[in-house]
There are 2 protein chains.
Amino acid sequence: MNSNGESTAQARETGTLGKLMVLLDLVTHADAPLRFTDILALAGQPRGTLHRQLTHLVEEGLLELDGDGRYAPGLRLLDFAARSWARNEFRLIAEPHLRDLQQATGETVHLGVLRGQSIIYLDKVEGRQPVRMYSQIGNASPCYCTGVGKAALSLLPAESLVDLLAGLSFTSFTASTHISAETLLAEIREIADQGYAFDREEHEAGIRCVAAPVWSEDRTFMGGISITGPAYRLSMELLHQWSVPVQLAAGRIMEGMRIRLGPRR
Amino acid sequence: MNSNGESTAQARETGTLGKLMVLLDLVTHADAPLRFTDILALAGQPRGTLHRQLTHLVEEGLLELDGDGRYAPGLRLLDFAARSWARNEFRLIAEPHLRDLQQATGETVHLGVLRGQSIIYLDKVEGRQPVRMYSQIGNASPCYCTGVGKAALSLLPAESLVDLLAGLSFTSFTASTHISAETLLAEIREIADQGYAFDREEHEAGIRCVAAPVWSEDRTFMGGISITGPAYRLSMELLHQWSVPVQLAAGRIMEGMRIRLGPRR
DNA sequence: TATCATTGTTCCATTATTTGGAACTTAATT
DNA sequence: AATTAAGTTCCAAATAATGGAACAATGATA
């Protein structure tokens with residue numbers, strides 16, 4: 001249902017809103033538009049209830065109902081997201097430094113933030129080829145098998161980290177994906193010590209990265225930046241060398257935030 | 001508050017969800033993160049009520065609350081949008097044709113869809129410069145002063161069109177922006193006859209475009225594609241010539257939809 | 001074409017959630 | 001320290017959501 005094997009859904013108790021968000025998650029995570037009956041089976045709710053809920057979501061533009069009675073994510077979500085992205089302070093401050101890093105290495109640079117158990121990518125800077133927008137931006141990826149994710153986890157206080165790891169369900173994307181909290185925890189402690197993380201083809205075979213953690217002082221944003229590329233071009237030795245520029249860029253981003261947002265944060 | 005002078009908000013009666021969406025609109029349309037008291041003034045609700053509503057929105061990740069007590073759009077919106085965009089059938093089918101059109105003309109090509117009184121841009125294909133993602137995609141623009149918007153309006157049945165125009169409030173972005181329903185209606189009738197529309201620097205001074213309408217058979221998508229560029233490079237004569245390739249591309253997109261989605265739609 | 005099965009929609013008494021005023025806590029200001 | 005403003009919690013009353021069942025529309029089958 002979700003290419004990442006992860007869901008953003010969390011059965012929180014937010015009353016009416018919470019129930020509706022579960023539905024929205026259901027439809028947006030599906031691979032294709034869903035029929036009423038499909039959703040009925042997935043949601044396990046009385047028909048009348050479900051029908052009214054879907055109607056409300058459609059009326060608000062969060063879902064769309066086509067001529068064949070299939071529900072798809074609504075375009076109003078795009079408008080919300082465009083605004084959310086355009087004014088995100090963290091991203092705005094980071095952007096020039098991501099570009100510099102891309103220029104210096106010639107490889108793709110990412111910026112991601114931890115939200116729940118997922119990393120949400122806020123920006124991506126590639127080389128020449130025109131970026132397919134949204135290709136990566138906005139995507140939620142697992143935190144336990146991405147460089148940015150592990151870098152972000154290394155920022156958590158011990159207790160929160162253990163709690164988060166306890167709630168993870170591991171999917172083995174490649175042969176080197178972590179599949180237990182123990183080995184992951186060990187690596188995260190190491191990352192916390194050295195200040196940078198690798199992705200050794202753990203999410204996608206043939207793809208490696210080096211990442212460094214970045215955070216805002218109020219801990220609203222805990223994430224990382226990474227340099228990503230094909231394993232044949234990025235030897236582990238090269239990635240070790242690049243751990244320096246990534247960390248430097250991360251430092252400059254955090255300095256930028258202090259200047260721009262004031263010392264209070 | 002909104003750079004377009006437009007709002008996507010519509011005071012529908014969707015109970016609890018509707019009220020929460022008004023709040024979400026408020027925060028996402030603001031130019032900067034808002035404090036509790038700011039929202040209190042704007043929303044005009046009792047403090048207790050507002051507080052709980054905001055808490056729910058934050059718990060669901062639709063809003064975020066930073067260390068200074070300021071509310072900003074939540075990043076979960078990005079995840080939703082990324083999914084909404086990645087699988088949008090209309091966009092997927094249109095994409096190769098947009099590229100062709102961009103190649104043929106060398107100018108920027110847009111795909112937009114009518115939603116309420118706004119055009120939501122689904123895609124944008126530019127020339128060499130790496131696209132700043134979300135730069136245009138997802139943005140909601142007024143329908144009455146954009147090429148895509150007027151092309152989309154030309155698809156509406158007479159009655160719906162009149163209703164929609166009656167509800168518009170016109171903002172004079174440039175000297176040539178339509179500021180009355182009468183002149184706009186006249187032009188839209190003309191557009192419906194000839195099958196293509198111009199934007200004669202009506203939204204932004206110095207920017208012109210030619211657009212052609214595109215729609216799905218079930219009328220779920222009523223929008224258009226356009227070629228846009230600076231007035232000094234795009235003479236009205238050239239735009240008249242380009243009305244042919246835009247219409248051809250529009251035709252191919254619609255043909256593609258019929259093939260891909262089956263004859264039933 | 002008539003019949004049956006499936007899918008989707010509406011209704012309304014019951015149940016649960018939201019509401020909003022006020023009391024309360026905390027932070028900022030004089 | 002006193003005062004004001006900002007943010008949070010509480011609970012009886014008002015409102016909205018629920019879910020079972022009846023109803024309608026669609027589509028498949030004989």
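Every chain is numbered from 1 and lettered A, B, ... according to where its sequence line falls, protein lines coming before strand lines.
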Tell me the interatomic distance from [X], atom [atom1], to [N], atom [atom2], rounded to whole angstroms.
X: B:Leu23; N: C:dT18; atom1: CG; atom2: C1'; answer: 13 Å
X: B:Leu50; N: D:dA6; atom1: CG; atom2: C1'; answer: 13 Å
X: B:Leu20; N: C:dT17; atom1: CG; atom2: P; answer: 15 Å
X: B:Asp68; N: C:dA28; atom1: CG; atom2: C1'; answer: 14 Å
X: A:Asp38; N: C:dT6; atom1: CG; atom2: C1'; answer: 13 Å

Sequence-aligned protein contact record of nucleotides 18-24 of chain D, with B where the base is within under 4.0 Å of a protein heavy atom and S where only the sugar-phosphate is: BBB----
Less than 4.0 Å between a side-chain N and a carboxylate O, is that true for A:Arg189 and A:Asp193?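 The answer is no: the pair does not qualify as a salt bridge.
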Where the side chain of B:His56 is defined as all heavy atoms beyond and including C-beta, which of C:dT9, C:dT18, D:dT8 is the nearest nucleotide? C:dT18
Contact summary for B:Leu164 and B:Gln117, nearest pair of heavy atoms: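 Distance-wise, the nearest heavy atoms are O-NE2, 4.3 Å.
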How about A:Arg35: does its CZ atom have over 12 heavy atoms from other parts shown lying under 6.0 Å from it? no
Check ring-ring contact (aromatic ring centres under 6.0 Å, His included) between A:His110 and all other residues, then give those that pass, not counting sequence neighbours. A:Tyr121
Run the numbers on B:Phe36 and B:Tyr71 for ring-ring contact (aromatic ring centres under 6.0 Å, His included), then give the verdict. CA-CA 7 Å; B:Phe36 180 82; B:Tyr71 291 87; 7.0 Å; no
Phosphate-side-chain proximity, A:His51 and C:dT9, N/O vs OP1/OP2 below 4.0 Å: yes
Interatomic distance, B:Leu50 atom CG to B:Thr37 atom OG1 [nearest 0.5 angstrom]: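 So the gap between those two atoms works out to 9.5 Å.
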